S.K.: 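Before we start, here is the structure in question, set down as structure tokens.
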Amino acid sequence: MTGAKRKKKSMFWSKMHPPHYEDIKQWCRRRLPILEWAPHYNLKENLLPDTVSGIMLAVQQVTQGLAFAILSSVHPVFGLYGSLFPAIIYAIFGMGRHVATGTFALTSLISANAVERLVPQSSRNLTMQSNSSVLGLSDFEVQRIGVAAAVSFLGGVIQVAMFVLQLGSATFLLTEPVISAMTTGAATHVVTSQVKYLLGIKMPYISGPLGFFYIYAHVFENIKSVRLEALLLSLLSIVVLVLVKELNEQFKRKIKVVLPVDLVLIIAASFACYCTNMEDTYGLEVVGHIPKGIPPPRAPPMNILSAVVTEAFGVALVGYVASLALAQGSAKKFKYSVDDNQEVLAHGLSNVIPSFFFCIPSAAAMGRTAGLYSTGAKTQCVLASIIVVGLKGMLIQFRDLKKYWNVDKIDWGIWVSTYIFTICFAANVGLLFGVVCTIAIVIGRFPRAKTLSIKNMKEMEFKVKTETDDESLQQVKIISINNPLVFLNVKKFHMDLINIMQKENANNQPLDDISKCEQNTLLNSLSNGNCNEETAQSSSHDKSALILDCSGLTFFDYSGVAMLVEVYMDCKDQSVDVLLANCTASLIKAMKYYGNLDSEKPIFFESVSAAISNIYSNKNFNKLSDHSEV
């Protein structure tokens, strides 16, 4: 055997060596985040508040599970299972510490399309007489949950496949206007689906393209069929829910325990239902008997998977997008990081595994943080009121239109068109349209972008030092932005900014380790890459400044403005002054409106030299660093 062959063979076997213990340990921690935080859990400080929060969340999940099961066209008891198993799975695999996973209005509405199509109400009488072995329910109910479980299973498989293909990171294509418009449109669909319960009208299940308009056309045609009792009960429930929740929000700092208005309302409605016999006296639909216990696991019907592909893709995409937006929002607020690919794996397993326990599709719900839900629901019009009020957070996103109009009118147009496509067709169709439309517009704008010449910062540095009698300025970093700043490159811009900050730090820590810190990555860079509090505190005493030269920023979108404001706010929290030079009037207007920037110190300057002169006038700096580019 020649030397080259022996060398090639040794290299082959070196690549085939079995993984070390540390490699396995790191892999497990990366894929099982519970192994990362559970050993360091502080029982003394966190157990009591977490227990109280867990109890309140469990109360929410019970009533919300009943409501969303009805929304999914299955027996209410299956919503209780959907509130239990996904939460357990996500706690093991998920990274969002403030994400409440379980039944979700949007995924429930999507799965209802498959349930009503494959097991329609017309087949109810054919199977009502025979009972299955599942909790004594009829074969009709078992067939319906089988369809919903199949949607959950296939949707979870699609999400796991996205994880394997590393498509979780592709969510950078989903801009905030697109997500906002899609979720608002989907919430509008959910509210529309509850109109028949709010008004007490008997009407067939309507879905498909333009189904939103057909529902309201049917309501107006049968307006004389509205039951006054149901309408009054619905209006009373909505008013009470909204009023008490607003009071809880305003006085949450003064009161230690908020009033569980949902619990009180459900108990009152249940008592009234029992005393007045609403079902027979007034003809109102009630939930009825809820069986006890949990049935043994059973695999979803695999023979219908091909028939629910469309709904499964809708559940996978819409559920993941809405959930990831909540996870990223909480991570940004509480200063920790989430991995997009790990999140898609967590939600995929939260759909696949619970589907064997008769669970409907799950995701993280925005409305679950707005109120507390309880068990004991009886009347469906009260449950419909809870669903409507629970979607308040999504519905009030209409207010974002003013913000998008002032920041970027193109994003405003994308929001409106995405919303229209969502209500005319479906949430997944609106989501796809928004992504394609956004990419097409950005591609159309990029060819018009001009590369501007960069000023000779060395000469400017020499001039400033000469005028100040060689008095140096301390830690002023000048960074030039030479590309458009849009949703496609804002993450890369942030990472490039971090890398530039780290280049001049001799004791900086590797970039891969920074994500493990619970502080913002940019702030780690500004404080020499250390995550300990002592270093952060000591670095905050050393006044520093960052000048962003925006002469090469030819155009921007909402995501670009949001990133610039985020950089400014993060640096401000660490006593790092951020000054922007050569900004266009539209950029200044957008940043001031988005970030409500009314700082006492000026932050926008006509040129880099003007920004440096402003820094010198404060006499707080004594060193000027070299110019860098992004």
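Since this is a predicted model, take the numbers as computed values, not measurements. We're numbering straight along the sequence, starting at 1.
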S.K.: Might you point out which heavy atoms bring N428 and V318 nearest each other, and give the distance in Å?
M.R.: N-CG2, 3.8 Å

S.K.: Between F398 and W415, is the gap from one ring center to the other below 6.0 Å?
M.R.: yes

S.K.: What is the distance from atom CG of D400 to atom OG1 of T184, rounded to the nearest 0.5 Å?
M.R.: 7.0 Å

S.K.: Is the OH atom of Y593 crowded by more than 12 outside heavy atoms at less than 6.0 Å?
M.R.: yes

S.K.: Quick one: are the ring centres of F487 and Y558 less than 6.0 Å apart?
M.R.: no

S.K.: Going from CG on L564 to CG on L497, what distance comes out if it is rounded to the nearest 0.5 angstrom?
M.R.: 9.5 Å

S.K.: If you take all heavy atoms of N614 and P602, which pair is closest and at what distance?
M.R.: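 Closest heavy-atom pair between N614 and P602: ND2-CG, 3.9 Å.
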
S.K.: Report the C-alpha separation of Y594 and E566 in whole Å, then their side-chain angles, then the decisive distance to 0.1 Å, and conclude whether the side-chain hydrogen bond (donor to acceptor under 3.5 Å, both in side chains) test is met.
M.R.: CA-CA 10 Å; Y594 177 89; E566 179 182 346; over 6 Å; no

S.K.: Applying side-chain hydrogen bond (donor to acceptor under 3.5 Å, both in side chains) to T188 and Y419, what does each step give before you reach the verdict?
M.R.: CA-CA 10 Å; T188 307; Y419 177 81; 3.1 Å; yes

S.K.: If you round to the nearest 0.5 Å, how far is CG of D408 from CH2 of W412?
M.R.: 12.0 Å

S.K.: In Å and rounded to the nearest 0.5 Å, what is the CG to CG distance from L401 to N406?
M.R.: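 It is 11.0 Å, given to the nearest 0.5 Å.
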
S.K.: Compute whether any side-chain donor of one residue and acceptor of the other, for T183 and Q397, lie under 3.5 angstrom apart.
M.R.: yes

S.K.: Taking NZ in K589 as the centre, count heavy atoms belonging to other residues, nucleotides or ligands within less than 6.0 Å. Is the count above 12?
M.R.: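 Result for NZ/K589: open.
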
S.K.: For the pair Q342 (side chain) and F93 (backbone), establish whether a donor and an acceptor sit closer than 3.5 Å, ignoring hydrogens and angles.
M.R.: yes

S.K.: Look at K409 together with D557 and state whether they make a salt bridge at an N to O cut-off of under 4.0 Å.
M.R.: no

S.K.: Carefully, step by step, assess D411 and K403 under the rule salt bridge (Lys or Arg N to Asp or Glu O under 4.0 Å).
M.R.: CA-CA 10 Å; D411 280 335; K403 178 174 60 177; over 6 Å; no

S.K.: With a 6.0 Å cut-off on the ring centroids, do F433 and F425 count as close?
M.R.: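 F433 vs F425: aromatic centres not under 6.0 Å.
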
S.K.: How long is the span from the OH atom in Y568 to the CG atom in L579, to the nearest 0.5 Å?
M.R.: 9.0 Å

